[in-house]
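Down below is the structure, laid out as structure tokens.
Lettering of chains follows the sequences in order, A, B, ..., and the numbering in each one begins at 1.
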Amino acid sequence: AQPDQTFTFGLLLVGPMNDHGWSQAHFEAGKYVEEHLKSSKMLYIDKVNPADRPGITIPQLADDMIEKGARLIIANSDDMSDGIIEAATMHPDIYFIHVSGDGALTGKAPKNLSNVMGRMEYGKMMAGFAAAMTTKTGKIAYLGPLINDETRRLTVSCYLGARYAWEHVLKRKPSELQFEVSWIGFWFNIPGVTSDPTQVTGSFFNSGYDVVISGIDTSEASIVANQKRMAKKDVYAIPYDYKNACDGASAVCLGVPYYNWGPSYVDLISQTMKGNLKQQWLWLSPNWQDINNPDTSHVGFIKGPALSDIASKALDLFISDMGTGKIQLFKGPLNYQDGSVFLAPDEVANDKKIWYMEQLLSGMKGQSRVQ
Amino acid sequence: MIEIIDIHKHYGHVKANNGISMTIKDGSIHAILGENGAGKSTLMKILSGYIHQNSGLIKINDQIVDFSSTSVAATFGIGMLYQDPMDFPQLSVIDNFMIGQAKGIFIKKRTFLNRFYHLSQSLGFSLEPDCLVKTLTVGERQQLEILRLLSLGTQVLILDEPTTGISDLQKDTLFSALTRLTRDGKSIVLVSHKLEDVETLCDTITVLRQGRVSGHMVKPFDTNKLLDLMFETRSSPPGRLVTSQGPVFFSLNQVSAKGGRVGLKNLNLKIHQHDVIGLAGLEGSGQSVFLKVSSGLLPVQSGTICLDNKNIVGKSHVYFQNSGITYLPSSRLEEGLVPGLSITQHVSLSARPKPLIVNHKKALISSRDAIDTFHIKARPDSYVETLSGGNQQRLLLSLLPLKPRLLLLENPTRGLDLSSAYFVWNHLQAFCKTDHTSILFTSSEIDEIMMVSNRILVFYDGKVVLDKKTAETTIHEIGAAIAGKSVHL
Amino acid sequence: MKRRMESYGKMVQLLFMNPVFFIGISLLLVFIMTSMVLILTGAPPFSVYKQIFLGSLSTGSKFGHVIKAWIPLTLCAIGLLYTFRINLWNIGVEGQMIIGAVFCTFIIRLFPNSPYPIMILFLAFFSSMMGGALWALLAGFLKTKGGVNEIFAGLGLNFVAQGLILWLIFGPWKRPGVASMSGTEIIPKGLWLSLIERTAIPPAGLILTFLALFVTYLLLKYTKIGLGLKAIGLNPKASLLFGLKPSLYMLLAMVFGGGLAGFAGCIQVTGVYHRLIPSISSNYGYLALLVVMLSNYDIRLVPIVSFFFSCLNVGSIQLPMVLHIDSSLSGVIQGSLVLTFLALHALHRRLSTPKEIQPS
Amino acid sequence: MNDFSAMMILSSIIAAACPIIFAAIGETITEKSGVINLSLDGTILLSAMTAFVISYSTGSVFLGFFMASLVGGFVALIVVFFSIYLRVSQVAVGFVLTLTCRDLAYFIGNPYSRLLGPQVQPLPIPFLSDLPFIGTAFFSHNVVVYVCYIFFFFSWFYIEKTPMGHILKAVGEHPHAAYSRGIHPHRIQLIYGFVGGVFVGIAGASYSLFMKAGWGRPQGCEGIGWIALALVIFGGWNISRVVIGCYLFSFLQVMGIFFQQWFPTFPSPVFQVAPFPLMIFSLVIIHVSQNDKIREWSKDKNVILFFLNRFSHSAPAHLGKRFHV
Ligand SMILES: Nc1ncnc2c1ncn2[C@@H]1O[C@H](COP(=O)(O)OP(=O)(O)OP(=O)(O)O)[C@@H](O)[C@H]1O
Ligand SMILES: Nc1ncnc2c1ncn2[C@@H]1O[C@H](COP(=O)(O)OP(=O)(O)OP(=O)(O)O)[C@@H](O)[C@H]1O
Ligand SMILES: [Mg+2]
Ligand SMILES: [Mg+2]
């Protein structure tokens with residue numbers, strides 16, 4: 001392909017492009033770009049992880065895409081950071097975008113690599129809120145992937161959302177709310193390597209938790225919740241990452257927080273086409289006027305059929321208040337699990353502080369880091 | 001009446017049966033004689049439907065039959081007791097009895113038990129229906145098989161070398177049972193190597209040689225004529241070896257060991273140079289365990305093994321070999337040779353001490369003259385599994401170390417025809433003469449033992465119950481000892 | 001079945017005796033089989049084959065990646081020749097690779113920035129071999145002493161190795177703050193295997209692999225070890241009488257196999273991933289078994305077959321990228337190739353007459 | 001999650017064991033006839049994929065199970081066919097099939113991954129399920145689990161107590177003898193190879209249709225095939241002991257999660273991996289228990305002897321070897 005007519009960009013997806021989760025969201029963003037920037041053309045390859053593609057390395061794939069004419073390459077997983085930096089150093093004339101990394105922030109990355117991420121924290125707060133409004137047992141579980149800064153801060157946001165609903169909307173005793181995290185070890189189930197999310201979710205429900213919030217890319221949480229529902233159990237799930245994740249699990253789905261990468265991709269790619277993409281580190285917020293607007297909002301939350309009307313109304317209020325800044329959940333006093341201070345009274349966390357979340361907060365059950 | 005007409009059976013290039021015709025009359029005991037590989041078993045397997053002939057006919061009462069499987073043959077009342085036992089060691093006697101007979105969903109064990117008891121009484125057998133077959137002796141397993149065949153309604157009972165490896169007692173029971181069966185109008189076909197068995201029992205004899213019928217004979221039999229029919233050339237029997245007894249060099253003291261059916265119970269034994277010692281006894285009375293123990297293949301539980309007054313218990317088999325003690329197993333392809341390797345490769349394997357780099361040229365040369373000196377019918381590059389039993393045995397002999405001090409041989413002539421057997425013995429005795437070698441060998445044929453050994457040990461139930469110079473004992477005494485009858489030593 | 005074969009025998013035999021025809025027919029059959037699978041799943045066969053070819057051999061860098069895969073795969077396959085020779089199914093190659101990689105990483109972590117990277121690398125190579133050999137030895141002991149069928153011993157140890165490497169990556173060797181499948185910290189640039197200009201080929205690995213090929217060839221063909229392994233493999237009982245110690249030779253074979261596998265693991269760390277990742281073995285352990293079977297346990301074919309397999313593995317990346325087909329197809333092709341070969345080779349064996357025996 | 005209820009755990013152990021039981025008993029049946037079908041790990045995946053794709057596109061769970069069982073049987077037939085008519089080592093063919101079937105499953109199943117398809121509906125048995133404790137543990141599952149109960153009793157009865165069972169054993173023990181009694185070993189091996197395969201197929205289907213409902217890469221039942229193979233040895237080719245082994249393994253797997261809670265210092269993966277090697281290394285114990293010295297030593301110790309005897313076993317004498325007249 002001649003570069004001047006069509007602009008080819010490559011997309012490296014960590015999971016299957018049809019995973020109904022993280023990777024599919026990115027894939028559809030790619031399609032979104034193709035229709036909004038007529039001259040653009042997407043190359044993609046999915047399952048870019050050593051378990052699915054033994055022996056294949058990121059630089060190798062980058063080489064290949066560049067040979068096919070790609071001039072910008074997007075890598076959509078934190079786990080690709082080393083590979084993508086290696087590739088970017090090898091091809092200084094090509095632009096690289098690493099989703100959810102911090103290479104540009106720390107300066108580890110070369111000039112032709114930028115980072116982009118959505119402020120899913122807000123989405124997770126809404127999820128936590130919905131969960132707390134719904135739970136009867138007061139026991140909310142979080143199905144965590146692996147432990148790192150990102151997952152810590154998302155889990156914490158969930159907890160903050162839930163706690164707000166519990167104390168300020170439902171006016172219940174903090175002590176009555178239980179919030180537990182269990183980390184399976186990766187973004188999706190790898191038999192004999194990660195914990196089995198099906199089993200984990202199952203035993204959550206078996207031991208009295210009635211809402212499971214999924215932090216992983218795949219849909220075990222909803223599936224198991226569905227099975228339990230078929231067995232006449234009153235349980236709910238909140239999937240993650242992907243707009244239509246509630247489909248098929250409508251009976252148990254309270255809603256789904258999701259990323260909307262399309263707009264940011266369009267923005268970055270058109271800049272690249274003009275050739276004026278500067279290295280940057282983007283952390284994009286929802287469009288508070290209309291968080292589910294496909295062209296403007298980077299993060300959204302779609303309510304699920306199982307969400308009660310009261311809860312739904314309360315949620316709307318919660319969202320608008322967050323939008324106006326009336327509600328600021330990353331605000332002191334907040335302590336880490338080990339009792340050390342995260343935010344002093346009335347201190348509001350800055351981005352860096354949130355981004356590099358060191359531990360879970362006190363009041364949450366579950367590991368903060370691998371011992 | 002069964003007529004066999006011009007039966008042909010080929011295995012690759014081997015003409016196992018090459019145009020055999022014969023007739024088996026009802027109510028008679030018909031013997032099939034012949035040297036090894038003459039085609040006896042093959043013919044019988046064809047007759048029992050186990051294998052199918054390449055060409056030729058089988059008629060029963062002038063009606064042509066085609067046995068596509070043993071069950072078809074069974075419907076014509078033909079049943080066979082195979083040369084090697086065809087039963088299920090892991091299963092119980094009664095299960096063995098039922099398999100192949102019992103049909104339907106549920107097992108009618110009771111009815112079968114009754115039939116079993118009834119039959120075994122009528123033949124004077126005594127078998128415990130619930131014990132596992134693997135705990136039985138060869139003879140008892142034969143009895144079980146015969147009972148099963150009869151309960152299938154067998155009219156023509158074929159027995160392929162039934163007398164190998166069973167005691168004289170069991171032989172008597174067997175033969176009386178067979179005669180009783182003929183009285184009920186059943187006919188028996190008996191395959192054997194052993195003239196005396198055949199001559200005592202049978203009415204008619206058909207002799208096979210190299211896949212053809214070399215002659216028929218009816219009672220009374222002329223032994224010499226039979227032998228002529230069986231073997232073209234009869235090489236001279238080796239006879240007993242006469243040498244002065246040398247000094248003791250190998251001894252076992254209070255040796256006990258596990259293994260076999262009965263193991264070995266505090267055995268004491270001194271072995272002189274030039275000894276040729278025959279080990280008699282029922283299969284699994286401890287002879288083979290004894291051989292394995294003295295060659296370091298089996299561990300001893302207690303006691304000492306002394307070579308030149310030096311205790312070598314616990315040393316590896318290799319150590320035993322290097323100090324001149326060599327063991328030859330009876331099953332050649334299973335334990336003695338390596339199927340898939342050529343004669344040359346065997347030669348270089350047995351080279352001692354092994355050089356790190358294998359010298360193919362040298363091995364080729366030495367395998368050539370091995371083939372010449374031992375008259376092995378094969379080429380240096382032919383694979384051992386394609387050799388005939390006798391030739392395999394010859395090869396094994398050629399692989400023996402140069403100056404063995406002690407040879408431990410398990411049935412060195414099993415499955416060999418007379419001429420091969422004589423050849424083997426002449427060669428072995430040469431060792432004793434030139435190298436002061438001593439030989440211990442087992443054999444199921446008492447007269448072979450009487451013929452070549454100058455000292456005889458009889459094993460019974462893991463103990464040596466008789467230890468005498470051959471000159472000073474009699475077949476009767478030995479037979480008694482083998483059967484476990486009390487003999488005053 | 002049997003009879004029919006015998007009647008056709010003669011005619012077919014003549015054809016089969018001719019190796020060119022033999023290889024031709026097996027390739028053709030596989031081609032037909034895989035094409036059928038493709039058509040059934042609605043994929044265009046020819047463009048698939050074209051893409052795989054282009055994806056593996058069209059450009060220098062692609063060829064480089066093929067060689068990058070070829071090196072560890074071939075090393076494992078060579079190792080398997082020893083164990084197959086003595087009739088052992090060393091299914092534990094995966095685990096042996098992993099342990100090799102772990103040992104290698106361990107050494108590198110010991111001396112992260114030493115002035116003599118070459119020395120460290122050699123030390124790493126050596127220790128990784130030791131590691132692999134050790135792991136194989138465990139399986140060997142489970143077989144000889146523990147009486148566990150080597151297939152299950154190997155599998156068990158694979159799982160254990162898997163657990164160990166995960167524990168290291170999530171535990172002691174994890175990156176500060178993070179515990180993720182992405183593996184340990186990148187090893188210092190100084191300790192990366194140097195590559196041939198703008199390819200992924202590490203010359204060192206290439207040379208050592210050829211060395212291993214050569215040595216193994218001699219060892220198996222011309223030494224008592226080779227002969228001993230074969231004899232025991234064919235009949236352990238009899239080998240005793242020839243003064244061979246089966247268990248000793250088994251352990252020996254395992255050590256050779258494991259050592260080579262471990263070395264392959266080290267190449268993966270220093271030459272490919274530049275860090276320790278959970279799936280460092282890249283499935284080469286299992287693939288190598290197929291390679292050896294397809295080369296009919298003949299060392300002269302091993303490098304060729306394993307090159308072919310590497311091409312399939314690397315080339316198949318094009319399928320999702322260009323044709324949007326899942327690349328596990330390469331595995332299907334490899335598997336059916338081996339199956340067809342097994343079948344044809346068996347026919348071949350059955351149709352060839354037993355050797356004539358004449359007195360010399 | 002520390003406050004779990006034993007009953008719930010028991011119930012999930014029972015459910016989780018069900019597919020393994022199908023697979024392990026299926027393989028036991030095949031091996032009784034003297035054939036080793038090593039391809040289990042791949043077969044389970046392939047049949048799981050088939051089951052999901054079929055029931056997804058037809059909407060009928062039953063049809064899914066049916067086709068899956070056919071697939072399982074077919075793969076087993078390939079092994080037997082290669083062994084009988086081509087005289088290729090069963091282990092070799094089995095192993096190649098393991099890998100091939102796995103990749104075939106991933107390849108064909110790819111377009112269907114992560115879709116929500118139909119699955120087996122839970123079906124508590126009316127009165128039994130109300131029983132205290134056992135009710136929830138044993139009788140509030142779905143049809144497949146109940147079938148599994150019946151299945152292992154039936155297969156035990158069939159093998160130990162019927163003439164057909166005897167014939168099956170006979171062929172595995174000594175095919176020549178069987179043949180001499182008018183039984184056709186090859187026919188028997190083809191039949192029981194297929195039957196065993198069918199149950200392996202059912203195992204696969206039970207994964208994709210309820211245990212780990214849905215299809216994807218990885219599906220979640222990878223590695224189970226190997227465990228089933230090990231369990232056959234563990235159980236000494238004896239149905240009842242094989243079943244016990246299955247429950248044991250399932251117990252280890254389910255408890256993994258709780259161990260993880262109780263010993264947070266261990267990284268979670270360790271507990272996920274543990275059951276696999278544990279199961280396989282238990283084979284060592286079994287072997288050691290056959291050792292004479294041990295037996296000597298335990299002569300007077302009845303308790304130990306009891307367990308040793310439970311462990312003692314012997315493979316079908318002709319297992320993995322080829323039969324021809
Ligand atoms: N399955 C076989 N494959 C190849 N050759 C065979 C086979 N069975 C028999 N033969 C050959 O056919 C010939 C006749 O064998 P057969 O067993 O009938 O001899 P036999 O008279 O029973 O000898 P023996 O007294 O040792 O039992 C022998 O040369 C033997 O090697
Ligand atoms: N597996 C085989 N492959 C090829 N030929 C074989 C095979 N087995 C036996 N034969 C052939 O059958 C012939 C006879 O074999 P067998 O063992 O029956 O010898 P035999 O007739 O018993 O002679 P001997 O008395 O020496 O044992 C041999 O010449 C051999 O060539
Ligand atoms: Mg015979
Ligand atoms: Mg013979």
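Contact of C:Asn283 with chain D is made through the side chain alone, with heavy-atom distances under 4.5 Å. Both the backbone and the side chain of D:Tyr106 come within contact range of chain C, with heavy atoms under 4.5 Å apart. The contact between D:Leu229 and chain C is made by backbone and side chain atoms together, counting heavy-atom distances below 4.5 Å. For C:Ile91, the part lying near chain D is the side chain, with the backbone staying farther off; criterion is any non-hydrogen pair under 4.5 Å. Contacts of C:Leu142 with chain D are made by side-chain atoms alone, with heavy-atom separations under 4.5 Å and no backbone atom involved. Looking at D:Val88, only its side chain comes within 4.5 Å of chain C, counting heavy atoms on both sides. With a 4.5 Å cut-off on non-hydrogen atoms, D:Leu99 touches chain C through its side chain but not through its backbone. Heavy atoms closer than 4.5 Å to chain D are found in the side chain of C:Leu38, but not in its backbone. Using a 4.5 Å cut-off between heavy atoms, C:Leu157 contacts chain D through both its backbone and its side chain.
Of the listed residues (C:Val338, C:Leu287, C:Leu329, C:Ile151), the one with the most heavy-atom contacts under 4.5 Å to chain D is C:Leu329.
C:Phe31 CZ: more than 12 foreign heavy atoms inside a 6.0 Å radius. In this structure, D:Tyr56 places its OH atom where only 12 or fewer heavy-atom neighbours from other residues, nucleotides or ligands lie under 6.0 Å away.
The main-chain N or O of C:Thr83 is never found under 3.5 Å from a side-chain atom of C:Asn90 such that the two would form a donor-acceptor pair.
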Q) What do the steps show when you test C:Ile99 against C:Leu134 for side chain to side chain contact (heavy atoms under 4.5 Å, CB included), and what is the final call? A) CA-CA 9 Å; C:Ile99 297 301; C:Leu134 196 86; 5.9 Å; no
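Taking the centre of each ring, D:Phe323 and D:His186 come in below the 6.0 Å mark. Taking the six-membered ring for Trp and the full ring otherwise, the centers of D:Phe249 and D:Phe234 sit at least 6.0 Å from each other. Aromatic pair C:Trp89/C:Phe84: centroids less than 6.0 angstrom apart.
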